[in-house]
Number of protein chains: 2
Amino acid sequence: MKPSDPSPPAGLRQKLVDAATLALDAGAGEPSLRALARDLGVSAMASYRHFPDKAALMAAVVAQGFVRLSATLAAADASAPGMQALVAQGLAYVDFAMAQPGLFRLMFSPAGQADNAAAARAQAYNRLSARVAALQPGNPAAATLACWAVVHGLAVLQLDHALATSREELREALAVAIRGLGVEQQAVNPPETRG
Amino acid sequence: MKPSDPSPPAGLRQKLVDAATLALDAGAGEPSLRALARDLGVSAMASYRHFPDKAALMAAVVAQGFVRLSATLAAADASAPGMQALVAQGLAYVDFAMAQPGLFRLMFSPAGQADNAAAARAQAYNRLSARVAALQPGNPAAATLACWAVVHGLAVLQLDHALATSREELREALAVAIRGLGVEQQAVNPPETRG
DNA sequence: CGGGGTTTGTTTACAGTGTAAACTACAGCG
DNA sequence: CGCTGTAGTTTACACTGTAAACAAACCCCG
């Protein structure tokens, strides 16, 4: 309203995305556009200057979520060598899901499949894929799929179920699973010829 | 209304559950109570005689979903011996998700965590657990967790992503993952002593 | 400096939703 | 017969997403 408003002019779009992300993880499902607008001190229709509809806002939230997940995975990957980097990525993945359950759920819901978010999603997938390919040049596609499945499955089950699984147990389960997937042979030891 | 109504008197509850299940998989997210009532030729408030609120209806849908999933897993488990039963369960799990994506998503969403559905969910979990325990008496908890994670992860990723993964590729990935998880050693051959 | 066009927001309005409240029709049973 | 419980109804309200029309603030060019 007044020019003395303390916020920069073009900030609403990002503020909407951030507020929606925050509200998602605050518990009660998808926030309403009107509630978001109220929280930001703005009219109910303001968001329509930045997004064609609510789904587009949510898609932007999802896209930002995948960007952040991707960055988290990259950091985890860099934190350890070889196969341990893969386990670290898996742990980071599960940690992300537990830290932002609402966002994570949205990212893997029909709302998260908007074309808008496809690029960011692919980038996150590539973090894992690259590490798997580095560890097992033979059949990276299948191995990546299996790795992502394990990690994603653990995250979702942990979220849904509140399996009282400690972080240590998770780490062990991840390590066992990844080792089992035939990814490790070339990593820890120098490569041996193997069928 | 009339006594000549072709349905038994207490049938509305089940009809609501079935219609909701159907509508879920017909595509457009959670159906509205009013739309369900309209489809069933009944007033908007009728469902409140059978469920305290919409969440309770959805919880009933989820519970029925888990019962059916459990039955599907049991049938798959009985269709093959030993480790192949585990792979069969995994395939059946993914098939279930693909055949009823809306229901499956609901089952693993916050709505699916209602206490109402807990028993049915546990029953489905036990299908897998029992088979894993039979194959690997050593550490069934961790192995079950990992197996479920792989299977559930594959299902979710397939659903979200439309990974153009054929059923045959899925079967192979499942077999590889399950074999890798250290479940197979005692199954196919007579048990050998193994660390 | 002024003036038009774009951007960003506003108010108003409407259809659709979940649900509370009060009411009606009907079953079985004393 | 009346009493009571069950299954359903109509009405009403607060809330949602969103279309339409309008207003103020910015940018850029003269």
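By convention in this document, chain letters (A, B, ...) are assigned in the order of the sequence lines, proteins followed by strands, and residues within each chain are numbered from 1. Heavy atoms only: backbone and side chains are in, while hydrogens, waters and symmetry mates are out.
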Quick one: does B:Arg167's side chain get under 4.5 Å of B:Asp95's, heavy atoms only?
yes
Per atom distances to the A:Ser43 side chain, the nearest of C:dA22, C:dT10, D:dT10 is C:dT10
With a 4.5 Å cut-off on side-chain heavy atoms, are A:Phe96 and A:Leu73 touching?
no
Does A:His50 have a side-chain nitrogen or oxygen under 4.0 Å from the phosphate oxygens OP1 or OP2 of C:dG9?
yes
Residues in side-chain contact (heavy atoms from CB on, under 4.5 Å) contact with B:Ala59, at least two apart in sequence or another chain
B:Ala114, B:Asn116
Collect all protein-nucleotide pairs involving nucleotides 15-17 of chain C in which both atoms are nitrogen or oxygen and the distance is under 3.5 Å.
from   : atom 1 : to      : atom 2 : distance (Å)
C:dT17 : OP1    : B:Ser32 : OG     : 3.1
C:dT17 : OP2    : B:Arg38 : NH2    : 3.0

Taking the nucleotide of DNA chain C with the closest heavy atom to each, which residue, B:Arg49 or B:Asp53, is nearer the 5' end?
B:Asp53
What is the distance from OH of B:Tyr48 to P of D:dT11, rounded to the nearest Å?
18 Å
B:Phe51 CZ to D:dG8 P, in whole Å, measures 12 Å
Measure from the side-chain heavy atoms of A:Ala46 and tell me the nearest of C:dG9, D:dT9, D:dT18.
C:dG9
Sub-4.5 Å side-chain heavy-atom contact between A:Asp77 and A:Leu128:
no
May I ask you to decide if B:Val87's main-chain N or O and B:Arg171's side chain share a donor-acceptor pair within less than 3.5 Å?
no
pair A:Phe51-A:Arg13: side-chain heavy atoms closer than 4.5 Å:
yes
Identify which nucleotide among D:dG8, C:dG9, C:dA21 has an atom closest to any side-chain atom of A:Leu12, counting heavy atoms from C-beta outward.
C:dG9
Distance check needed: C:dA13 C1' versus A:Met45 CE, whole Å only.
11 Å
